[in-house]
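Hydrogens, waters and symmetry mates are skipped; everything else that's a heavy atom, side chains included, is used.
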Amino acid sequence: MLNFLNTLFARWISDPNNLIPYLLAIPLCVAILLPFLRKKPNIREGVILIASSLLFLGVLYQYLAFMDSSTPITYTFVNVSTNLSISFKIEPIGMLFAVVATILWPIATVYSIGYMRANKENFQTRFYTCFAIAIFAVLGIAFASDMFTLFCFYEMLSISTFPLVTHKNSAKAMRAGRIYLGILIGTSIGFMLPAIFWTFYLTGTTEFLNGGILKDKISGLPLMLLLALYIFGIGKAALMPFHKWLPTAMIAPTPVSALLHAVAVVKAGVFTVLKVIVYIFGIDFLKSQIDYTIWFLYLTSFTLIASSIIALLQDNLKKRLAYSTISQLAYITMAASLFNPLAIMGGMIHIAAHAFGKITLFFAAGSIYTATHKTEISQLNGLGHKMPVTFACFAIGAISMIGLPPAAGFISKWYLIQGAWSVHSIVAMSAIIISTLLNAAYLIPIVYKGFFVKATTDISNYKEAPWPIVLGLTLTASLTILMFIFPAWAINLARLLTGVA
């Protein structure tokens, strides 16, 4: 594969170091071009499919080149001041995030074509343009070499997804958008930015370095405060109490919900948490200060269980999936809070596992809505017989979220449980067990209703959604299974990060 991609890209790129700006340029150029194609939807969507596929191949080439050398690849775009620059670095966590985002962009585009056309959605060009900008921001976050660069793209992601949340332009949508942007911008400006300034003051840099940069620079109560500023400042991770934006944003069309929950926004949040813990603080340093950092584990455990309970109480399908996302994200932040290499591996792998599984669940919800206009779980009785592919794919996504084989969620939960066990954390083990049971309690009944409960209304006229929708969710369900069968690409990246043999 590497030889093929070398041949493909050799005409333009001879050094992998020079590939980063080209990767960033692809979604940016798409975003610039799309408004000129608003009256030519077939060409517009063809451009997106070609560009997104090319971007995935480019990121795959970057991944293979990185794994071949196992050394960070850096690129400086512009120097802002002596120790401050917009610069990029290929390292294990960012590489995994980039692979996940770029493999899902073309699939999400196929799905969106079917959904937006079938539901006769307005502002389709704006939707695809903002989607492309969001992917550009995601790549900037994934490849950022320091907190300053990451912060710039982090804010761009918040702003570019605001028009997606408010897509319907209704009063309810605009209110949801204000909550969405208010929480995300409020937390990042109010908490994360001061934390970045404080870090720069202490160390003279915000660069992501193995082992962290804050050891011997801060300790005790000031360390606890700095950690809290970062954790609560990363609002996209949806830790309680800064989680309300996520279920509120469910008013957006389902492809937007999928983008928020799988490809971009929430993944940017938990990704940033992992980067801060590993590269800014350092897990060994935080472990040595456990009396001042243990609150982080309690917070993630509470979020994990509380959001699962709330999910169980929701009848609206998308809201149940939204609270499920808050719970699933807490697995990743819990992994970070254990300050253990095996747990970090589990959290890192869960970024990919959750992306594939949760986007499948949202795609299935959109398929059900498109075919039947049903939004409540209580309305789904018997629909599995009319939409077998949709409900089968939902079942695959569900078992991945629960953490059962043969789905990718089993792999990530396995490492997370090992990490919790190795540090003898009763709190983490208990939270994982309880939340797993709750995962099953709020997801399995949906599949059961679809296949095993007799419909109480006439469903004879219902059938599967248009083929692009079914194709999209089938592909993501397949990725969920394939990652269970072939997990090495993610595990090897996680091992590079943690040093676990």
Visitor: Between CE of Met156 and CZ of Phe136, what distance do you get to the nearest 0.5 Å?
Guide: 5.0 Å

Visitor: Can you see which heavy atom on Phe362 is nearest to which on Tyr111, and at what distance?
Guide: O-OH, 4.0 Å

Visitor: Classify the side-chain pair Asn439/Thr436 by whether it contains a donor and acceptor separated by less than 3.5 Å.
Guide: no

Visitor: Without hydrogens or angle criteria, can the side chains of Tyr442 and Gln314 be said to hold a donor-acceptor pair below 3.5 Å?
Guide: no

Visitor: Under 4.0 Å between a side-chain nitrogen and a carboxylate oxygen: does that hold for Glu45 and Arg117?
Guide: yes

Visitor: Is Lys374 close enough and on-axis enough to Tyr369, meaning under 6.0 Å and within 45°, for cation-pi?
Guide: no

Visitor: Is it the case that Ser378 and Asp315 place a side-chain donor and acceptor less than 3.5 Å from each other?
Guide: yes

Visitor: Fit a plane to each ring of Phe127 and His167, take the angle between them on a 0 to 90° scale, and name the class: parallel (under 30°), tilted (30 to 60°) or perpendicular (over 60°).
Guide: perpendicular

Visitor: For Thr480 and Ser400, does a side-chain donor sit closer than 3.5 Å to a side-chain acceptor?
Guide: no

Visitor: Please say which of Thr187, Val165, Val265 ends up in a side-chain contact (heavy atoms from CB on, under 4.5 Å) with Trp245.
Guide: Val265

Visitor: Please name the pair of heavy atoms, one in Met387 and one in Ala371, separated by the smallest distance, quoted to 0.1 Å.
Guide: CE-CB, 3.6 Å

Visitor: So, Lys236 and Thr272: side-chain donor and acceptor under 3.5 Å apart, yes or no?
Guide: no

Visitor: Working to the nearest 0.5 angstrom, can you tell me the gap between Ile159 CD1 and Tyr154 OH?
Guide: 12.0 Å

Visitor: Taking all heavy atoms of Asn316 and all of Glu376, pick out the closest pair and write down the distance.
Guide: ND2-OE2, 3.1 Å

Visitor: So, Thr161 and Tyr180: side-chain donor and acceptor under 3.5 Å apart, yes or no?
Guide: yes

Visitor: Within a 6.0 Å radius of atom NZ on Lys449, are there more than 12 heavy atoms belonging to other residues, nucleotides or ligands?
Guide: yes

Visitor: Do Thr370 and Asn119 have a side chain donor and acceptor closer than 3.5 Å?
Guide: yes

Visitor: Are Phe452 and Tyr448 an aromatic pair, judged by ring center distance below 6.0 Å?
Guide: yes

Visitor: Can we say Lys386 and Glu464 salt-bridge, meaning some charged N sits less than 4.0 Å from an Asp/Glu carboxylate O?
Guide: no

